[in-house]
Protein chains: 2
Amino acid sequence: MTDTPIRLLLADDHPVVRAGLRAVLETEPGLEVVAEAATAEDAVTRATQGDIDVVLMDLQFGQGMTGAQATAAITARPGAPHVLVVTTYDTDADVLPAIEAGATGYLLKDAPPEDLAAAVRAAATGRTTLAPAVGDRLMHRLREPHAALTLREIEVLTLVAGGLSNQAIGARLYLTEGTVKSHLARIYTKLDVDSRTAAVATATQLGLIRR
Amino acid sequence: MTDTPIRLLLADDHPVVRAGLRAVLETEPGLEVVAEAATAEDAVTRATQGDIDVVLMDLQFGQGMTGAQATAAITARPGAPHVLVVTTYDTDADVLPAIEAGATGYLLKDAPPEDLAAAVRAAATGRTTLAPAVGDRLMHRLREPHAALTLREIEVLTLVAGGLSNQAIGARLYLTEGTVKSHLARIYTKLDVDSRTAAVATATQLGLIRR
DNA sequence: GCCGGCCTCAATCGAAAGTTAGAACCGGCG
DNA sequence: CGCCGGTTCTAACTTTCGATTGAGGCCGGC
């Protein structure tokens with residue numbers, strides 16, 4: 001295990017969090033932090049230079065590209081580093097896009113340092129590590145398909161929760177109002193509700209959307 | 001300024017964030033991290049032992065007491081350390097309770113390390129440091145006297161947030177549907193929105209209704 | 001290749017929600 | 001006391017939303 005170290009890129013817009021990850025991981029043998037990125041765009045360019053084994057990726061960045069988009073951009077090309085998502089939230093709205101984008105693992109920031117190091121080593125070999133809460137959520141999705149909203153549906157419902165009208169949602173997502181309605185109709189049957197506010201209420205309750 | 005160092009307590013439920021704050025602050029001369037706390041309860045007991053000058057307090061903890069409650073408990077007694085809130089969010093629902101609880105400063109976690117160290121030194125002497133976004137928010141509140149909702153309006157809006165229709169709300173509160181609409185119309189003008197879902201969104205953001 | 005989800009769009013029709021314009025009630029104040 | 005501001009209530013009118021039905025394209029599994 002002491003041959004070549006695992007080379008890491010830290011992508012997070014919080015300097016404090018980057019310093020914390022660095023402090024926690026550099027005490028671990030066989031791990032080496034070789035770069036940091038404060039924006040998702042920087043993370044993509046830095047991760048595609050060929051000298052990174054694992055990217056620790058936050059999902060929320062202040063402006064611009066999201067962590068999920070950056071993850072997709074990084075994992076798109078062959079021979080790319082593995083991306084280990086390290087973030088604060090475990091709602092479907094966060095987890096599903098990240099996994100969809102090709103993340104190798106999904107950890108929460110309250111994870112103890114040992115788990116973090118173990119997950120990094122697992123990710124380096126392509127093995128998946130999920131935070132317990134995330135694993136539970138995915139298992140629950142498989143058992144109870146009733147609450148399983150698709151990615152697009154969560155996207156629409158999140159905008160509904162933000163108070164946008166169907167027309168405004170359509171404009172934002174480049175859809176017609178009719179399409180938005182059709183998504184909402186399916187959301188209503190899946191969640192067994194009959195209005196947008198009720199859908200937001202139960203979806204928030206179930207952790208399908210945040211806020 | 002090189003006489004006695006400023007003694008710090010780090011209160012955050014994320015090990016990574018604690019390590020990051022420690023790494024960032026220990027490189028600063030005159031600052032010394034003497035304790036950490038992973039829960040708000042621990043923070044209170046540790047902060048009241050007399051050997052702490054400044055507490056860096058997160059607001060969100062996984063379980064139990066919130067950071068704002070802990071801040072109130074700490075600042076309640078005379079001769080208590082100053083509390084510098086260091087958190088992720090700057091919504092009214094976060095900022096106002098923290099300031100109400102006696103926080104000396106309010107910083108966001110995306111602050112650069114220099115600002116952090118400067119804010120700690122300011123807090124040690126009782127001076128206030130606010131993140132720019134927080135300052136703006138407070139100024140804005142003073143200019144736009146926040147149309148506080150009446151009891152009845154909050155009652156109605158809470159039911160709206162629960163997903164009930166105007167008719168159902170009327171039945172619940174022994175009103176006609178028209179009356180409910182009239183209340184909502186007033187709520188919309190006060191909150192400067194134009195739909196029920198938007199009203200719920202901003203009211204939740206502002207902490208006017210819960211969950 | 002066929003089938004079954006998922007995403008997209010469309011058009012109707014009834015039912016809510018939102019808008020407007022008032023009126024009754026109550027407490028404080030000149 | 002009469003006036004006023006705030007709250008509560010009501011009945012119209014307009015707009016948006018939700019239900020329903022139907023259909024085409026795309027992708028992945030059997």
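In this text the structure is predicted, and so the values were computed from the model without any measurement. Only heavy atoms go into these numbers, but all of them, side chains included; no hydrogens, no water, no symmetry mates. In the text below, chain A, chain B and the rest are named by the order of the sequence lines, each starting its count at 1.
When the side-chain nitrogen and oxygen atoms of A:Arg196 are compared with OP1 and OP2 of D:dG18, one or more of them lie within a distance under 4.0 Å. For B:His183 and D:dT7, the shortest distance from a side-chain N or O to OP1 or OP2 is not below 4.0 Å. In terms of phosphate contacts, B:Ser165 brings no side-chain nitrogen or oxygen within less than 4.0 Å of OP1 or OP2 of C:dA16. Applying the 4.0 Å criterion to OP1 and OP2 of D:dT10, one finds that B:Thr176 has a side-chain N or O inside that range. OP1 or OP2 of C:dA17 sits under 4.0 Å from a side-chain N or O of B:Asn166. Side-chain nitrogen and oxygen atoms of A:Thr150 include at least one within less than 4.0 Å of the OP1 or OP2 phosphate oxygen of C:dC7. Look at B:Tyr188 and you'll find a side-chain N or O under 4.0 angstrom from OP1 or OP2 of C:dG18. For D:dC9, one of the phosphate oxygens OP1 or OP2 lies less than 4.0 angstrom from a side-chain nitrogen or oxygen of B:Arg152.
No more than 12 heavy atoms of other residues, nucleotides or ligands shown are found within 6.0 angstrom of CD on A:Gln205. Heavy atoms from other residues, nucleotides or ligands lying under 6.0 Å from CD of A:Glu26 number more than 12.
A:Glu177 comes within 4.0 angstrom of sugar-phosphate atoms only, judged by non-hydrogen atoms across all strands, and of no base.
One donor-acceptor pair, N or O on each side, does fall under 3.5 Å between the base of D:dC9 and the side chain of B:Ser182.
Between the CD1 atom of A:Ile169 and the C1' atom of D:dG18 there is a distance of 13 Å, rounded to whole Å. The separation between B:Leu184 atom CG and D:dT10 atom C1' is 15 Å, rounded to whole Å. Going from atom NZ of B:Lys181 over to atom C1' of D:dT16 covers 11 Å, rounded to whole Å. Spacing between atom CG of A:Leu157 and atom P of C:dC7 amounts to 13 Å, rounded to whole angstrom units. Distance B:Glu155 CD to D:dT7 P: 14 Å, rounded to the nearest Å. In this structure, CZ of A:Arg186 is placed 17 Å from P of C:dG4, rounded to the nearest angstrom. At whole-Å resolution of the value, CD in A:Gln167 and P in D:dG18 are 14 Å apart. A:Leu149 places its CG atom 15 Å from the C1' atom of C:dG5, with the value rounded to the nearest Å.
A:Gln60 and A:Thr66 form no side-chain donor-acceptor contact under 3.5 Å, judged by distance and modelled atom types alone.
Using a 4.0 Å cut-off between a side-chain N of Lys or Arg and a carboxylate O of Asp or Glu, B:Asp58 and B:Lys109 qualify as a salt bridge. Between B:Asp12 and B:Arg22, none of the side-chain N atoms (NZ, or NE/NH1/NH2) sits under 4.0 Å from a carboxylate O, so this pair counts as no salt bridge.
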